[in-house]
Student: 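One structure coming up, written as structure tokens, with questions to follow.
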Amino acid sequence: MEAIDAAAACAFAPNARHLGPLPARLVWSRPAAVVIFSGLDGVPEADRAVLLRPTRELLARHATRERIAAGRVSLHDHGLNPLPEGTPEIAFLALHIAAPASPPEGCVAPATN
């Protein structure tokens, strides 16, 4: 979750539409899809959500469970409906990102295919 948290402020970069797979040493810890959403149920209007499809390995990690328990993370099903904590079938994790004081620098817009 460290790489995700480090890249989360890029959700507010002026050219951000989505974030590509995030760097990590272990292949299984790289989220396959990280997308920016606004207006996600449960996320305050000024915030954005970094939405990702977690792997079983990522969900099994103690650091991931700690991050969910710390707050500002919501669990969602395939229809993006909120799920209660402890739900065994999670389709998406949404990290709630508050707007930074100034736009982040160093964020690169993803290439379009």
Side-chain angles (χ1 to χ4, degrees):
M1 294 296 281
E2 299 84 11
I4 297 165
D5 285 335
C10 288
F12 284 91
N15 54 1
R17 297 294 174 265
H18 71 276
L19 302 175
L22 296 170
R25 286 186 296 118
L26 303 172
V27 172
W28 60 261
S29 67
R30 286 185 224 141
V34 181
V35 183
I36 305 305
F37 277 77
S38 61
L40 187 64
D41 191 24
V43 178
E45 191 158 327
D47 289 7
R48 293 192 180 174
V50 174
L51 190 74
L52 62 119
R53 293 183 62 104
T55 62
R56 279 185 294 212
E57 293 87 352
L58 188 65
L59 286 173
R61 289 180 55 91
H62 183 70
T64 302
R65 292 194 303 272
E66 282 183 340
R67 177 68 170 84
I68 292 170
R72 296 188 60 83
V73 175
S74 54
L75 315 177
H76 298 268
D77 64 15
H78 286 284
L80 297 183
N81 301 304
L83 294 169
E85 192 173 327
T87 302
E89 296 295 322
I90 299 168
F92 297 101
L93 288 177
L95 280 65
H96 305 197
I97 311 300
S102 60
E105 295 181 19
C107 296
V108 178
T112 54
N113 296 336

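When reading the values below, keep in mind they use all heavy atoms of this one structure, side chains included, and skip hydrogens, waters and symmetry mates.
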Student: Would you name the heavy atoms of R65 and L59 that are closest together and state the gap between them?
Tutor: CG-O, 3.8 Å

Student: Table please: side-chain donor-acceptor pairs of residues 80-99 below 3.5 Å, with sequence neighbours left out.
Tutor:
residue: N81; atom: ND2; partner: D77; partner atom: OD1; Å: 3.4
residue: N81; atom: ND2; partner: D77; partner atom: OD2; Å: 3.3
residue: T87; atom: OG1; partner: P84; partner atom: O; Å: 2.5
residue: H96; atom: NE2; partner: S74; partner atom: OG; Å: 2.8

Student: Taking side-chain hydrogen bond (donor to acceptor under 3.5 Å, both in side chains) as the test, write out the residues that go with H62, two or more places apart.
Tutor: E66

Student: If you measure from OG1 on T64 to CD on E57, what distance do you get to the nearest 0.5 Å?
Tutor: 11.0 Å

Student: Distance from H76 atom NE2 to L51 atom CG, nearest 0.5 Å?
Tutor: 7.0 Å

